[in-house]
Engineer: 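Below you will find the structure I want to go over with you.
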Protein chains: 2
Amino acid sequence: MKKSEVLKIVGQNIKRIRLEKGFTQVDLVGKIEARIDTTNISRIEKGRTNATIHTLYKISQALEVPLSEICSVNISKKV
Amino acid sequence: MKKSEVLKIVGQNIKRIRLEKGFTQVDLVGKIEARIDTTNISRIEKGRTNATIHTLYKISQALEVPLSEICSVNISKKV
DNA sequence: TCTTGACTTGTCAAATATGACAAGTATGAA
DNA sequence: TTCATACTTGTCATATTTGACAAGTCAAGA
């Protein structure tokens with residue numbers, strides 16, 4: 001699986017969960033004590049940036065889901 | 001949960017799985033088609049670096065586990 | 001149309017992840 | 001002790017993430 005695909009799937013996970021919970025990006029930022037920016041959330045959701053694990057962790061906190069849930073990418077069959 | 005704790009847990013996950021599978025860090029690098037370095041694997045396992053999701057994905061590929069498994073951090077009770 | 005809210009995108013500066021290499025540490029075997 | 005293997009750590013250059021801000025897009029209402 002290509003880098004861009006991985007980033008896209010992670011971003012879709014985040015966006016899907018966020019919408020399911022009825023949050024806006026601004027809501028998320030408000031829920032995170034550590035600083036984070038809607039610009040970055042947007043970029044991550046769109047798969048335009050290769051986020052660090054800590055940033056994803058902060059987002060998972062705001063979404064109230066385990067980090068592993070937003071990192072749920074199908075295990076590739078072939079490398 | 002502090003940033004350093006998150007990084008440490010992810011690193012421990014990787015190291016634990018790697019040892020369970022009997023791989024050395026050099027083995028891992030050899031299994032990953034995309035370029036990655038033992039220096040970086042070591043730093044990630046030690047929690048000294050805030051790895052990007054794509055790097056963790058590459059490691060998960062080499063370890064033959066889902067990305068979500070190495071990202072398994074207990075959901076924090078309190079923010 | 002105009003406005004508002006939500007999101008996207010461009011740019012910038014600062015911080016830092018990454019790959020590469022060298023050197024150091026630790027362990028175990030001969 | 002010596003050697004080999006595995007890992008850690010320091011440093012460097014490069015690339016990129018991140019937060020911040022501004023501006024742009026888009027859809028839904030009034």
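Residue numbers start from 1 in every chain, and the chains themselves are labelled A, B, ... in the order their sequence lines are given, proteins ahead of strands.
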Engineer: Is the distance from OP1 or OP2 of D/dA6 to the nearest side-chain N or O of B/Lys15 less than 4.0 Å?
Structural biologist: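 So the side-chain polar atoms of B/Lys15 never come under 4.0 Å of the phosphate oxygens OP1 or OP2 of D/dA6.
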
Engineer: Near DNA chain C, under 4.0 Å by heavy atom, which residues of residues 46-56 of chain A?
Structural biologist: A/Lys46, A/Arg48

Engineer: Under 4.0 Å: is that the gap between some side-chain N or O of B/Gln25 and OP1 or OP2 of D/dT8?
Structural biologist: yes

Engineer: May I ask you to verify if any side-chain N or O of B/Arg18 is less than 4.0 angstrom from the OP1 or OP2 atom of D/dC7?
Structural biologist: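 Result: yes.
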
Engineer: Can you tell me if A/Lys58 touches the phosphate of D/dG19, counting only side-chain N or O atoms and a distance under 4.0 Å to OP1 or OP2?
Structural biologist: yes

Engineer: B/Glu5 side chain to B/Lys2 main-chain N or O, any donor-acceptor pair under 3.5 Å?
Structural biologist: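 It does hold such a pair.
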
Engineer: How many Å lie between CD1 on A/Ile14 and P on C/dC7, as a whole number?
Structural biologist: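 After rounding, the gap between these two atoms is 14 Å.
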
Engineer: How far does OG1 of B/Thr55 sit from CG of B/Asp37, to the nearest 0.5 angstrom?
Structural biologist: 11.0 Å

Engineer: Measure CD1/B/Ile32 against P/C/dG19 and give the value in whole Å, please.
Structural biologist: 9 Å

Engineer: What is the nucleic acid contact for A/Ile36, judged by heavy atoms within less than 4.0 Å: base, sugar-phosphate only, or nothing?
Structural biologist: sugar-phosphate

Engineer: So how far is it from A/Ile41 CD1 to A/Ile36 CD1, rounded to the nearest 0.5 Å?
Structural biologist: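 One gets 4.5 Å once the value is rounded to the nearest 0.5 Å.
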
Engineer: With a 4.0 Å cut-off on heavy atoms, is A/Ser42 in touch with a base, just the backbone sugar-phosphate, or nothing at all?
Structural biologist: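 Base, at least one base heavy atom under 4.0 Å.
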
Engineer: Taking the nucleotide of DNA chain D with the nearest heavy atom to each, does A/Asp37 or A/Lys3 sit closer to the 5' end?
Structural biologist: A/Lys3

Engineer: Whole angstroms only, please: what is the CG-P distance between A/Asn40 and C/dT16?
Structural biologist: 15 Å

Engineer: Spell out yes or no: do the side chain of A/Arg43 and the base of C/dT11 have one donor N/O and one acceptor N/O closer than 3.5 Å?
Structural biologist: yes

Engineer: Write down the distance between CD1 (B/Ile44) and P (D/dT8), rounded to a whole number of angstrom.
Structural biologist: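 Taking atom P of D/dT8 as the reference, CD1 of B/Ile44 is at 12 Å.
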
Engineer: When you measure from the side chain of A/Lys58 to the backbone of B/Lys3, do you find a donor-acceptor pair of N or O atoms at a distance under 3.5 Å?
Structural biologist: no

Engineer: Go through the steps for A/Gln25 and A/Ser42 under the test side-chain contact (heavy atoms from CB on, under 4.5 Å), then give the verdict.
Structural biologist: CA-CA 8 Å; A/Gln25 292 177 352; A/Ser42 179; 4.0 Å; yes

Engineer: What about A/Thr39: does its side chain form a donor-acceptor pair under 3.5 Å with the base of D/dC21?
Structural biologist: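 Check passes, donor-acceptor contact within cut-off.
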
Engineer: May I have the distance from A/Arg35 (atom CZ) to C/dT16 (atom P), rounded to whole angstrom?
Structural biologist: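 Rounded to whole Å, this separation is 11 Å.
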
Engineer: Output yes when a side-chain donor or acceptor of B/Asn50 lies under 3.5 Å from a complementary backbone atom of A/His54, and no otherwise.
Structural biologist: yes

Engineer: Whole Å only: how far is the OH atom of B/Tyr57 from the P atom of C/dT18?
Structural biologist: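 These atoms are roughly 16 Å apart.
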
Engineer: Give a yes or no on whether the backbone of B/Arg48 and the side-chain of B/Arg43 come within a donor-acceptor separation of less than 3.5 Å.
Structural biologist: no

Engineer: Just the rounded figure in Å: distance from P of D/dC7 to CD1 of B/Ile41.
Structural biologist: 10 Å

